[in-house]
Amino acid sequence: MTSLLSELSATAGAAFAAEGMPAELGMVQASDRPDLAQFQCNGALAAAKLAKANPRAIAERIAARLEASGLFEAVSIAGPGFINLKLKDAVLEGRLRRLAADPDSALPETGKGKRVILDFGGPNIAKPMHVGHLRSCIIGDSLQRLFRANGWSVVSDVHLGDWGLPMGQLISELQIRRPDLPYFDPSDRSPYPDESPVTMDDLERLYPEAASACKADPSRLEAAREATVELQAGRPGYRALWRHFHNVSAEGLTREFGSLGVVFDEWKGESDADAFIPEMIEKLKDDGLAAMDEGALIVRVAEPTDTAEMPPLILIKSDGAVNYATTDVATILERVREHDPDLILYVVDQRQHLHFEQVFRAARKGGLSGRARFEHIGYGTVNGKDGKPFKTRAGGVMKLYDLIAMATEEAMKRLAEQGLAAGYPEEERARVAKAVGLAAIKFADLCNNRVSSYVFDLERFTRFEGKTGPYLQYAAVRIKSILRRADAEGYGRAAPVIRSEEERRLALQLFAMSEALSGAEMKRAPNLICDFVFSLAQNFSRFYTEHHILSETDEDLRASRLGLCALTLKEIERALGLLGIDVPERM
Ligand code: ARG
């Protein structure tokens, strides 16, 4: 079903065309003044400019045709030639009926026949996930859900950081501590043990120690570099050891992502690009793009129109190692070959913008990009109240796991304050608290424009009033409870009829879903979904306050209102689902 706005724009477009003017002028939008009109079309002003004619006169001709369409209760002209529109309730009711029969028919099919790959920022193995990874998870997950809903074929890839210097740092650190392990013997001692010599906890301890040793001591850094080069060159013991690091970390990361409710289609990483590096480099060399410079192999990506410095991308460092710029370019070759995507989105911290610009340019120059377009979906940082990136009280990095635990605890407090989930079995209350805590974190993250940073404030995020995740969850839970009680009473539901202004506004907001989703996709902006669902909940709340529902004695009216409740619930749940937020059955 075409969206309401598209239908209205087509109607107005036809009116302009019939008057010998471009149909594009018929674009209809929601009114800036909902108290005066539902929709407006400003095309007569642009038309008047084109034809050097009087805008009001044009508006009158268009208005006459719109009136004749039979869709409108009122068509009026305001100011210099704005056309204000109010739909007939019967038109809204017809659409409500169709929506009730097939709620998915209102989804915009913007992605039909198209494929997108979503790169989730590349959390590094051997390091616990921390608050810095939160945004990539939350924003990336919302985008993958949104693109899927809009009909795209989506491939999401966690894209682990598993192939650079940190790997060499770990290897050489472990060598100092456990020189006896077979992995360090220069000769091939395969098969190597199946059992990992380290646990995730070991890695979490080893990595920071290795990193600071390398900082303090140049010879340690040198050893780490050498180990990285040898790992990448395929030394069997190092590869076997690396495989353990990789598997142990992936297990930990799966748990972390799982606790956020985020899943990926692919668990690939930088290391998977290794096989594509030689071919990629050959291609860039053949095209005369890759050149030696002070012992390193580089690609110059600067363009004459650049206004800021654009350093070359380093393909092979002078020590022979590759870094994630190299693997990012090679991964493009891999992805284009495997999936032939229309689009690749990289959901990574805004501070990596230059890196991606270099990578995209190198891939395009080298003819590696197929038909894919690339976009860096950057985002700002999560800050503490001091305005600096969020830390633990002790000043360390905040682990994701601890963050979720904190949010759950705060949610538990809030539930108690509100008298919610009271008297539920312990297990259910814990489940509700976790869902509320996650909703608080996710909504607070997504409702901002993604490039701005925000202050992490659990006290505010977990409130049950205002524009928060818990408020919206509760709005949905309340409707569920109304519908449950109605079912228990044996009350039927029917296609909604519109009798009041609150019902009208609620219906109009339901029809705004389609544009919210297509707009959020186009701008890669989940905050538009947040705005949509918040308005929907507010409209519902007004409707709920002003009308009897369960207590309505007119049976038909009650059924109609219950029908409207059900449709609203469906859309709130859908929108929250796109934000990665679950709605408990009760609370
Ligand atoms: N793992 C890298 C880091 O932690 C980011 C990699 C960015 N590239 C990517 N394809 N996600 O800084």
Side-chain angles (χ1 to χ4, degrees), residues 116-141 143-144 155-170 203-204 207-208 210-211 228 232 242 245-246 249-250 252-253 256-257 262 264-274 276-277 280 313-315 317 321-336 338-339 341 343-364 368-369 372-382 389 397 399-400 450 524:
V116 60
I117 295 180
L118 260 136
D119 182 311
F120 267 68
N124 297 316
I125 70 169
K127 298 190 206 173
M129 283 179 67
H130 57 79
V131 58
H133 296 110
L134 187 69
R135 300 208 72 190
S136 170
C137 288
I138 294 180
I139 298 169
D141 188 42
L143 290 176
Q144 72 167 329
V155 180
S156 56
D157 176 16
V158 62
H159 208 71
L160 302 175
D162 61 0
W163 207 230
L165 183 63
M167 299 302 108
Q169 289 175 312
L170 278 172
L203 289 178
E204 285 183 19
Y207 178 73
T228 311
Q232 292 178 351
W242 171 86
F245 294 165
H246 185 281
S249 312
L253 287 171
E256 299 256 31
F257 281 113
V262 178
F264 305 100
D265 303 307
E266 292 188 338
W267 273 83
K268 291 205 171 185
E270 293 163 4
S271 61
D272 290 285
D274 184 53
F276 294 84
I277 291 175
M280 179 270 286
L313 179 137
I314 299 173
L315 285 173
K317 294 193 277 185
V322 301
N323 53 26
Y324 69 81
T326 323
T327 59
D328 271 340
V329 181
T331 301
I332 289 179
L333 179 62
E334 178 188 0
R335 287 176 176 162
V336 165
E338 269 181 36
H339 300 294
L343 179 65
I344 307 181
L345 301 179
Y346 296 80
V347 189
V348 184
D349 194 315
Q350 186 62 26
R351 289 171 292 189
Q352 303 234 17
H353 198 68
L354 181 67
H355 161 76
F356 283 110
E357 189 55 32
Q358 293 175 302
V359 167
F360 300 164
R361 286 185 186 192
R364 280 194 295 257
L368 304 169
S369 52
R373 282 185 300 116
F374 311 118
E375 275 176 53
H376 173 212
I377 306 298
Y379 49 79
T381 52
V382 181
V397 282
K399 289 194 201 167
L400 205 54
R450 75 182 144 73
R524 311 349 179 174

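Whatever order the structure lists ligands and atoms in, that order sets their numbers, starting from 1. As a basis for the values below, the full set of heavy atoms in this structure was taken, side chains included, without hydrogen atoms, waters or symmetry mates. We count residues from 1, following the sequence as given.
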Does the side chain of L253 reach to within under 4.5 Å of the side chain of M129, using non-hydrogen atoms?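 L253 reaches M129 side chain to side chain.
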Mind checking whether M167 and I125 have side chains closer than 4.5 Å, heavy atoms only?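 A side-chain contact under 4.5 Å exists here.
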Could you check whether [X] pairs with [Y] (Lys NZ or Arg NE/NH1/NH2 to Asp/Glu carboxylate O, under 4.0 Å)?
{"X": "R524", "Y": "E375", "result": "yes"}
{"X": "E334", "Y": "K268", "result": "yes"}
{"X": "R335", "Y": "D119", "result": "yes"}

Show the atoms of ligand 1 that are less than 4.0 angstrom away from any heavy atom in [X].
{"X": "E270", "value": "1 (N)"}
{"X": "G121", "value": "5 (C), 6 (C), 11 (N)"}
{"X": "D119", "value": "9 (C), 10 (N), 11 (N)"}
{"X": "Q352", "value": "3 (C), 5 (C), 12 (O)"}
{"X": "H159", "value": "10 (N)"}

Looking only at non-hydrogen atoms, which of D157, D328, I125, V158 approaches atom 8 (N) of ligand 1 most closely?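 Among D157, D328, I125, V158, the closest heavy atom to atom 8 (N) of ligand 1 belongs to D328.
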Looking only at N/O atoms, are N124 and ligand 1 under 3.5 Å apart anywhere?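 N/O-N/O distance below 3.5 Å exists for this pair.
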Does any N or O of ligand 1 fall below 3.5 Å from an N or O anywhere on V348, backbone included?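 Looking only at distances, the answer is no, because the N/O contact criterion of under 3.5 Å is not met.
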Would you please indicate yes or no on a ring centroid separation below 6.0 angstrom for F245 and Y207?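 No: the rings miss the under 6.0 Å criterion.
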Looking only at heavy atoms of F120, does any of them come nearer than 4.0 Å to an atom of ligand 1?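 F120 does not count as a contact of ligand 1 under the 4.0 Å cut-off.
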Heavy atom under 4.0 Å from ligand 1: found in F356's side chain, backbone, both, or neither?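 The answer is the side chain.
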Separation between OG of S271 and CH2 of W242, rounded to the nearest 0.5 Å: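 Reported to 0.5 Å precision, the distance equals 3.5 Å.
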